[in-house]
Every structure is written in structure tokens, then in C-alpha cells.
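Within every chain, numbering begins at 1; the chains are lettered A, B, ... in the order of the sequence lines, protein sequences first and strands thereafter.
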Amino acid sequence: MEFSLSEEQQLLKDSIARFVEREYGFDKRQKIVAEDAGFSDANWRIFTDMGWLMLGLPEDKGGLGGSPVDTAIVMEEFGKALILEPYLHVAIMAARILIEAGDSSGLIDAIGTGTAKPVLAHSEADAYNALNWVQTRAEKLTGAWKLTGQKSLVHAAVFATHIIVSARTSGKAGDADGISLFLVAPDADGLSRVDARLADNSRASELTFSNCDATLIGQEGAALPVIETAYAHATVALCAEAVGAMDKALWTTRDYLQTREQFGQAIGSFQSLQHRMADMLIELEMARSQVYRGLAFLGSDPATRDQAISSMKVQIGRSIKFTGYQSIQLHGGIGMTEDYLIGHYFKRLHMIDNALGTVGTHLGRMAEIERRAA
Amino acid sequence: VDFTFDPTDEAFREEIRTWVRANLPADLAEKSRKQFHLSWHEISRWVALLNADGKGWGVPNWSVELGGPGWSLMQQYIFEEVLIEEDAPSIDVGGAKMIGPIINNFGSADQRERFIKPWMEGKQRYAQGFSEPNAGSDLAALTTTARRVPSVSGDGDDYIINGRKIWTSGGHYSDWIYCLVKTDMAAKQRGISLIMVPLKVPGVTIRPIIDIAEEHNLNEVFFDDVRTSAANLIGEENKGWTYAKSLLESERALSGEAPRNRRYLQILKKIARDRTRCGVPLIEDHAFGARIAQLESDLNSLEWMTLRALTAKAGGDFALPLGSILKVRGSELLQKITELHIEALGDHGHYVHHADDSSGTVPGPDYAPGLLNDFMYRRATTIYGGSNEIQRTIIARQFLGL
């Protein structure tokens with residue numbers, strides 16, 4: 001076993017760290033937040049030029065054939081700077097959906113070259129991360145597919161070039177079979193969008209489809225395993241981001257405890273706060289260990305893989321609830337202010353805890369896989 | 001030991017409830033129901049209503065002689081419970097439990113006339129000026145100064161205030177700020193005085209602090225040669241620390257916010273009954289139901305600890321560090337419940353929405369807006385009012401003798 005980065009991976013990490021230092025100081029980030037889209041085209045071009053968007057794509061689709069470890073490195077570094085651009089949603093989630101669905105339309109290549117930004121619209125408000133809970137329906141009318149239904153919390157839909165929508169072509173909500181994937185143009189007739197800003201200043205939308213034109217991608221009725229695999233990849237990436245964000249939050253807090261004085265001494269000299277920070281580090285390193293573990297099992301059979309993914313997300317949630325939350329507590333009043341960076345780490349970490357399944361959801365899935373195995 | 005409630009307390013509860021239902025303005029109820037903060041105009045309307053006709057309900061902890069209703073601790077607790085249950089705004093806590101009692105106890109008759117009366121009528125509001133950038137948990141380290149000089153008119157003395165205060169809730173709509181200031185630069189805690197300083201005068205600069213709920217409630221207040229009459233000094237010079245300490249320790253039985261915790265748990269149950277996961281109400285999910293049950297058990301502990309505090313007598317529980325025990329548990333429980341609010345809302349728990357948003361509503365059920373803001377805002381409960389670290393130190397040092 002070897003947990004240290006290869007020379008190439010170290011170079012990748014360093015290049016992202018340099019980008020972050022140059023382009024993603026807190027003030028620069030706040031300027032992006034203030035823009036309507038909450039997103040910087042210029043940064044997306046840098047992602048393209050640096051090859052980060054094609055990093056995880058297969059070589060026969062114009063990609064660099066990198067492994068999920070490589071994209072996890074990107075996400076961890078992005079987490080340290082609270083990157084707003086939807087790398088996770090486009091270059092990992094949507095790309096993985098297209099790869100697993102065997103798409104050969106050229107859309108995967110276009111992600112890598114920055115010319116397309118597809119996003120996935122899968123979640124429905126009633127699903128709470130049960131991936132088979134799809135009520136949106138697709139019907140074939142006079143040779144063309146038409147979608148009807150609602151999707152919630154569609155990240156980055158505001159600037160997506162394509163929407164990948166899951167819908168039922170047969171069966172009922174909760175069935176494993178009968179889910180299919182479709183491609184929809186963002187300006188398609190019958191698609192309406194309500195945009196909103198989220199707590200971490202990213203953007204998401206509720207999409208309503210009524211008899212909306214759509215093109216089938218992949219095999220009809222067999223999309224669930226594709227979605228499950230893409231979610232597994234996205235969850236590892238998200239957890240890597242959480243590790244980066246917690247790492248930065250922890251050291252920012254450590255620095256504060258060294259400089260903030262009360263009762264005539266640095267508050268970091270108080271043993272109770274030292275112990276708190278020691279526990280924050282323990283939680284962070286447990287989280288990091290599970291991200292390694294999640295990466296190790298990403299290619300395993302679905303049951304083994306999903307056990308590992310859920311186990312990882314449970315640890316991440318627990319670590320966030322301690323390390324993320326304590327980073328505000330130890331800052332005191334300053335931690336509560338919007339103008340200071342630590343609150344933004346808290347918000348992003350809180351959202352990660354709730355994204356792609358909560359601790360409760362993943363504990364439930366672990367128990368269910370265990371029951372099925374018995 | 002007797003576990004029965006006094007039957008007159010139940011009659012009291014009904015009396016309060018009947019009045020609130022008949023008199024609570026619908027717009028205030030709507031805003032409170034969504035846990036949004038009230039504007040000054042709204043607070044003052046509510047304060048005036050509570051105090052109207054000599055009721056004095058805006059000062060539930062005050063004696064009849066001082067204009068309050070003369071309620072027992074238990075009655076004050078029931079009053080707080082009913083307000084929260086009925087989605088009524090809370091009283092103006094700073095006035096009723098902080099500066100009001102200090103002026104009543106240590107101020108002059110003239111000060112009671114000038115400060116207490118207009119406040120009770122909802123015509124004036126006072127901000128608290130204790131914390132400074134370098135004096136948070138360590139309040140004695142404050143550096144804002146008050147220098148006594150003859151007044152310009154030659155009629156008595158003035159104090160000239162210089163320095164800055166921070167985390168000033170409602171400072172932007174307050175008329176005065178009750179400040180802890182240094183009047184004796186050499187002495188430490190003994191050299192601190194409590195002075196009313198006008199906010200709407202030259203030399204005062206108020207800088208808004210936007211909190212992580214994206215709301216403007218807090219401020220930083222700068223004083224640059226601001227004059228206040230020596231007639232605004234509360235009590236004696238250099239005794240401010242003693243006065244402030246006496247009020248920081250008062251009202252300790254209510255510091256657990258048990259009624260608010262109860263209300264928030266009800267909101268959680270309502271969400272869990274209304275929202276469905278894969279067609280089944282969340283509340284029927286065994287794991288989720290167990291987590292609600294755990295919070296309910298925590299709340300029951302808090303409520304009965306509060307009942308002990310409300311009825312504590314010398315020689316019994318009175319000696320316990322009740323305020324600190326309740327503050328620690330109550331604030332941490334409030335945070336846990338709000339975490340579950342967001343989790344229970346699922347995909348609809350993350351949209352930012354503000355009370356004054358004119359851009360229409362965000363997606364999701366009508367009870368969702370406000371809960372995210374409140375989740376963020378409640379991160380402060382374990383920081384403000386004496387951080388939980390400070391409370392634990394009080395328990396260890398003052399009670400356990402460590």
C-alpha cells in the first residue's frame with residue numbers, strides 16, 4: 001500500500017494550489033458570488049486549459065484517462081478554496097453518467113474541451129436520495145419521447161448547456177427497472193425553471209417538465225445502475241472536497257486560537273480548547289481515511305462499493321458536525337459574520353453533509369445491504 | 001417532593017393564551033412563525049401592546065410597584081411558553097431583563113422616568129454595549145473610555161466617550177446604548193462604569209455586521225468624542241462591573257430556552273409528518289423517528305431541570321449553577337433541533353430566502369422559508385450570553401471547586 005501521491009499527482013495538486021492562490025482568495029470569491037450566475041466563465045476556461053475537465057474522462061473520448069484518485073485531488077484542493085464552479089456536477093456526475101450510459105454523441109469529449117456543460121436532473125423532492133424513486137415519466141408519442149414531472153435541487157442548471165433527466169419509461173416509483181435517461185435542451189418547450197441560491201452561494205433550480213421533448217441516452221429502462229455508479233463517483237468526489245474544506249477550516253481556526261487573546265493570553269493556551277482542536281484533527285483524519293477507502297472500493301461490485309460509499313459519507317457527516325461546527329464555535333462572534341471566511345466553510349460543509357444522502361440515509365443503506373447479504 | 005402543578009397556573013395559562021389569540025397582530029404572528037427577526041417598528045408595536053392598560057406584560061419579571069405584573073417565576077415561564085406556542089414575538093429581553101432591572105435597582109428616579117417609561121410604551125429602545133473587539137468572554141479587558149468634563153453649558157458634568165463596541169444587536173434602531181466604559185484607567189474591573197450614551201448624535205458611527213444568516217441584526221458602534229450627560233451615569237462611578245454581573249446572573253432559571261426548544265421540536269414533528277420519503281411520511285421512518293425521540297428525551301431533561309430551577313429554594317437546588325447548566329444544554333439542543341429541521345426538509349432545506357424578499361417565494365413548502373436562516377443564526381446560541389466554554393468554567397470553578 002502507498003498513501004502518498006505520485007510525482008504526477010503532486011504536480012497536479014500543486015498546480016491547483018497555485019490557481020487557488022492566484023484566483024480564489026476570499027475577496028475574489030465574494031465577487032463571483034455577487035455575480036448573477038454565481039460562476040466565473042474565466043475560471044471555467046482555466047479549468048479547460050489546465051486539462052482538469054478532461055482529467056477523469058476516458059482517452060477514447062478525448063480525455064486524459066485519469067483515475068478517481070486524480071479527480072479527488074482536484075476536489076480536495078477545490079474544497080480548500082470553496083470553489084463555486086460546478087466541477088463536481090459537470091466533470092464528475094454528468095460525465096460519469098454519460099460514460100456509464102455508453103454515450104457516443106461527442107458530449108463527453110465536449111465536457112473535456114469546455115464546450116458543453118451538461119448537468120444531471122435526477123433528484124425529486126420526495127426521494128431523499130433513494131435513487132430508484134423516480135416519478136417523472138417519459139412517454140413515446142408519435143416516435144418522440146416526451147417528459148412530464150418535476151426535478152428538485154438541480155445544481156448548476158442555470159448555466160447548463162444540456163440537462164440529463166432520469167424518467168420512468170415503465171413500472172412505478174421505487175422499482176429498480178424502468179428508469180431511463182434523457183437529454184433535454186435547457187430552452188426546450190415544456191421545460192420551466194425556478195432558480196434559487198443555496199446557503200453555500202451555489203445555484204440550483206427546480207425543473208418542471210410538461211410534455212417536454214427529450215432524446216433517450218443509453219439503454220431504455222436500465223439506467224439505475226448507471227445512476228448508482230455516477231452517484232458513487234460523485235459522492236467520493238464530494239467527500240474529498242469536504243476533507244479539503246475541513247482541513248482549511250481546521251488550520252484557519254488553529255491560527256485564530258494562536259492570535260486571539262482573552263484573559264491576558266492566547267486562547268489556544270487553554271487546555272479545553274486544545275482538546276477540542278485535537279478532536280477536530282482526529283475527525284478530519286478519520287474522514288480522510290474513509291475517502292481513501294471509498295476510492296479503493298469504487299471499482300468493486302455494486303454492493304461492496306455502496307457499502308464503502310455509505311460508510312464514507314457517514315464518517316464525513318460526523319466529522320463535519322464536529323470539525324465544521326466547532327470551527328465557528330472556536331471563532332466566537334467573528335465566526336458568525338458573513339464578511340469572514342470561516343462561516344462560508346461552515347455553510348459549504350453543512351451542505352455537503354446534507355448532499356447526496358445524509359448520515360441517516362447512508363446508515364439506512366448500509367443496514368439494507370447487510371440485510372440483503374444475510 | 002410534590003410533582004403536581006398548581007391548578008391556578010393552568011388557569012393563568014388560559015388567561016394568557018386567550019389574550020394573545022385576541023390581540024396578536026396577524027403580520028407579527030406570520031413573521032414569528034417563520035422565525036424571522038422583527039424590525040424595530042414591529043418590536044415596539046408588540047412591546048406597547050403587552051404593556052397597554054397597565055398590564056406590564058412586557059416586563060413579566062418586574063414587580064407590580066415597578067410596573068410589572070408581579071408574576072412568580074413559574075408564571076413567567078408559562079407566559080414565555082404561551083408566547084412561543086402562539087407564534088407571538090418574544091418580549092424585548094434586553095430592556096426587561098438587562099438594563100431595566102439595573103436602572104430600577106441602581107438608577108435614579110429621574111432615570112426611571114426618562115428611560116423606563118418611554119421604553120415600556122414602545123417609544124424608545126436600548127442596545128447593549130458590553131462586548132468589544134478584544135473584550136468578549138473577557139469583558140473586564142474593555143478599553144472604551146469615559147472622561148468626565150464640565151458640560152458645555154456649564155450645567156453639571158458630561159462624560160466624553162471614546163472607543164468601540166461590537167456585536168450590538170439592534171444598535172441601528174436603538175436610541176441609546178448602555179455601555180460599560182472605563183472611568184478609572186488604572187483599576188481593572190473596579191474602574192468600569194455603566195453609562196447611557198445617545199446613539200443618534202454626532203461622533204457615533206454604526207457599522208452593520210451581516211451575520212451568516214445574511215441578516216442585519218448585529219452592529220459595530222464607534223464612539224469618537226461622544227458626549228453624554230453625567231446624569232446618564234447609572235448608579236455610582238466605577239461600580240458598573242458589579243451591576244452588570246448582577247444582571248448577567250439574574251434570570252438564570254429561564255436561560256435554557258425550554259419553551260423555544262419545545263416549539264422547535266413541534267415544528268420538526270410537523271415537517272416529519274408532512275414530508276414524505278418515497279411516499280411514506282418521514283415520521284414513520286424508524287431511524288428518523290428515533291432521532292426525534294432522542295431530541296424529545298433531551299428536551300424532557302431540560303424542561304424538568306428548568307422546573308427545578310423555577311422552584312429552587314435555599315438549601316436545595318438553589319446552590320446549583322442552574323443558569324450555566326441550563327444555558328449549555330438548552331443552547332446545544334436548539335442547535336441539534338434546527339439541524340434536523342434542515343435535514344427533514346431534504347432538497348428544499350437549502351434555498352436562501354429572506355423575510356423582505358420581494359422576488360417571490362423559493363421552491364418548497366410554505367414552512368421552509370426562515371428555517372435555514374434560523375439554523376444559521378442559532379450557531380450563535382452557544383457563543384452569546386456567556387459562551388458555553390465560559391459556562392462550563394463557571395460550573396467547574398464556582399460549583400465543583402476546581
Side-chain angles (χ1 to χ4, degrees), chain A residues 123-130 132-133 135 150-153 173-174 194 196-202 204-206 260-264 267 270 272-273 276 321 325 328-340 342-344 346-347 350-351 353-355 358-361 363-364 367, chain B residues 131 133-138 140-141 166-167 209-215 218 275-280 282 285-288 291 335-336 339-340 342-353 359-365 372-373 375-377 379-380 382-384 387-389 392-393 396:
Chain A
S123 185
E124 300 181 8
D126 203 24
Y128 288 78
N129 216 53
N132 57 1
W133 192 262
Q135 292 187 296
Q150 260 191 321
K151 295 291 180 179
S152 64
L153 205 66
V194 179
R197 184 169 58 91
L198 306 182
D200 65 352
N201 282 313
S202 65
S205 310
E206 299 273 311
R260 170 73 175 172
E261 289 189 8
Q262 290 284 268
F263 306 103
I267 60 173
F270 298 126
S272 73
L273 303 194
R276 195 91 52 86
K321 285 225 159 64
Y325 286 31
I328 287 209
Q329 180 70 23
L330 294 182
H331 274 86
I334 191 82
M336 285 297 298
T337 60
E338 186 75 354
D339 284 346
Y340 185 64
I342 204 73
H344 296 270
F346 168 77
K347 291 185 195 192
H350 158 71
M351 284 218 49
D353 183 18
N354 280 278
T358 61
V359 169
T361 311
L363 284 173
Chain B
S131 294
N134 292 311
S137 288
D138 182 12
I166 197 166
W167 317 128
I209 298 175
I210 306 302
D211 65 32
I212 58 171
E214 303 184 1
E215 286 175 0
L218 302 168
R275 301 288 284 187
T276 55
R277 178 178 195 264
C278 303
V280 180
L282 270 189
D285 178 297
H286 288 278
F288 200 82
R291 291 169 71 197
Q335 293 184 340
K336 283 189 203 149
E339 283 160 30
L340 224 52
I342 303 303
E343 194 176 325
L345 287 171
D347 282 357
H348 292 147
H350 308 295
Y351 296 127
V352 176
H353 180 80
S359 52
T361 55
V362 294
L372 176 66
N373 304 34
F375 162 79
M376 294 293 171
Y377 175 74
R379 297 303 103 193
T382 48
I383 296 170
Y384 63 50
S387 72
N388 285 17
E389 286 80 2
R392 287 185 164 97
T393 299

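For A:Leu273, the part lying under 4.5 angstrom from a heavy atom of chain B is the side chain only. Neither the backbone nor the side chain of B:Phe288 comes within less than 4.5 Å of any heavy atom in chain A. Neither the backbone nor the side chain of B:Glu215 comes within contact range of chain A; no heavy atoms are under 4.5 Å apart. Contacts of B:His348 with chain A are made by side-chain atoms alone, with heavy-atom separations under 4.5 Å and no backbone atom involved. For B:Ile209, the part lying near chain A is the side chain, with the backbone staying farther off; criterion is any non-hydrogen pair under 4.5 Å. Contacts between B:Ala396 and chain A at a heavy-atom distance below 4.5 Å are absent for every atom of the residue. Heavy-atom distances place the side chain of B:Arg291, and not its backbone, under 4.5 Å from chain A. For chain B, the nearby part of A:Phe346 is the side chain; its heavy atoms alone come within less than 4.5 Å.
Highest contact tally toward chain B, considering only A:Met351, A:His350, A:Lys321, A:Arg276, is held by A:His350 [criterion: heavy-atom pairs under 4.5 Å]. Most heavy-atom pairs under 4.5 Å with chain B: of the set A:Val194, A:Thr358, A:Asn132, A:Thr361, this distinction falls to A:Thr358. Of the listed residues (B:Asp285, B:Thr382, B:Ile342, B:Leu282), the one with the most heavy-atom contacts under 4.5 Å to chain A is B:Thr382. Put simply, of A:Asp126, A:Leu198, A:Leu153, the one with the most heavy-atom pairs under 4.5 Å next to chain B is A:Asp126. If you tally non-hydrogen atom pairs under 4.5 Å between each of A:Gly343, A:Gly332, A:Ala367, A:Gly360 and chain B, the highest count goes to A:Gly332. Top candidate by heavy-atom pairs under 4.5 Å with chain B, chosen from A:Ala196, A:Gly333, A:Gly174, A:Ala130, is A:Gly333. Highest contact tally toward chain A, considering only B:Gly346, B:Ser131, B:Cys278, is held by B:Cys278 [criterion: heavy-atom pairs under 4.5 Å]. Of all the listed residues (A:Glu261, A:Gln135, A:Arg260), the one sharing the greatest number of non-hydrogen pairs under 4.5 Å with chain B is A:Arg260. When each of B:Ala287, B:Ser387, B:Gly349, B:Ala135 is scored by its heavy-atom pairs under 4.5 Å with chain A, the top score falls to B:Ala135.
Checked by atom type, the side-chain pair A:Asp200/A:Ser202 shows a donor-acceptor distance below 3.5 Å. Side chains of A:Ser123 and B:Asp347: a donor on one and an acceptor on the other come within 3.5 Å.
With contacts defined as side-chain heavy-atom distances shorter than 4.5 Å, the pair A:Glu124/A:Lys151 qualifies. Put simply, the side chain of A:His344 reaches to within 4.5 Å of the side chain of A:Asn201, judged on heavy atoms. Counting heavy atoms from C-beta on, the side chains of A:Tyr325 and B:Gln335 never come closer than 4.5 Å. Side-chain contact between B:Leu372 and B:Val352 is present, with at least one heavy-atom pair separated by less than 4.5 Å. By the 4.5 Å heavy-atom criterion applied to side chains, B:Asp211 and B:Trp167 are not counted as neighbours. For the pair B:Tyr384 and A:Met336, the minimum side-chain heavy-atom distance is 4.5 Å or more.
Taking B:Tyr351 as the reference, nothing meets the ring-ring contact (aromatic ring centres under 6.0 Å, His included) condition, with sequence neighbours excluded. The ring-ring contact (aromatic ring centres under 6.0 Å, His included) test applied to A:His331 returns A:Tyr256, A:Tyr340, not counting sequence neighbours.
In this structure, B:Arg379 satisfies the cation-pi test against B:Phe375, with its NZ or CZ atom closer than 6.0 Å to the six-membered ring centre and inside 45 degrees of the ring normal.
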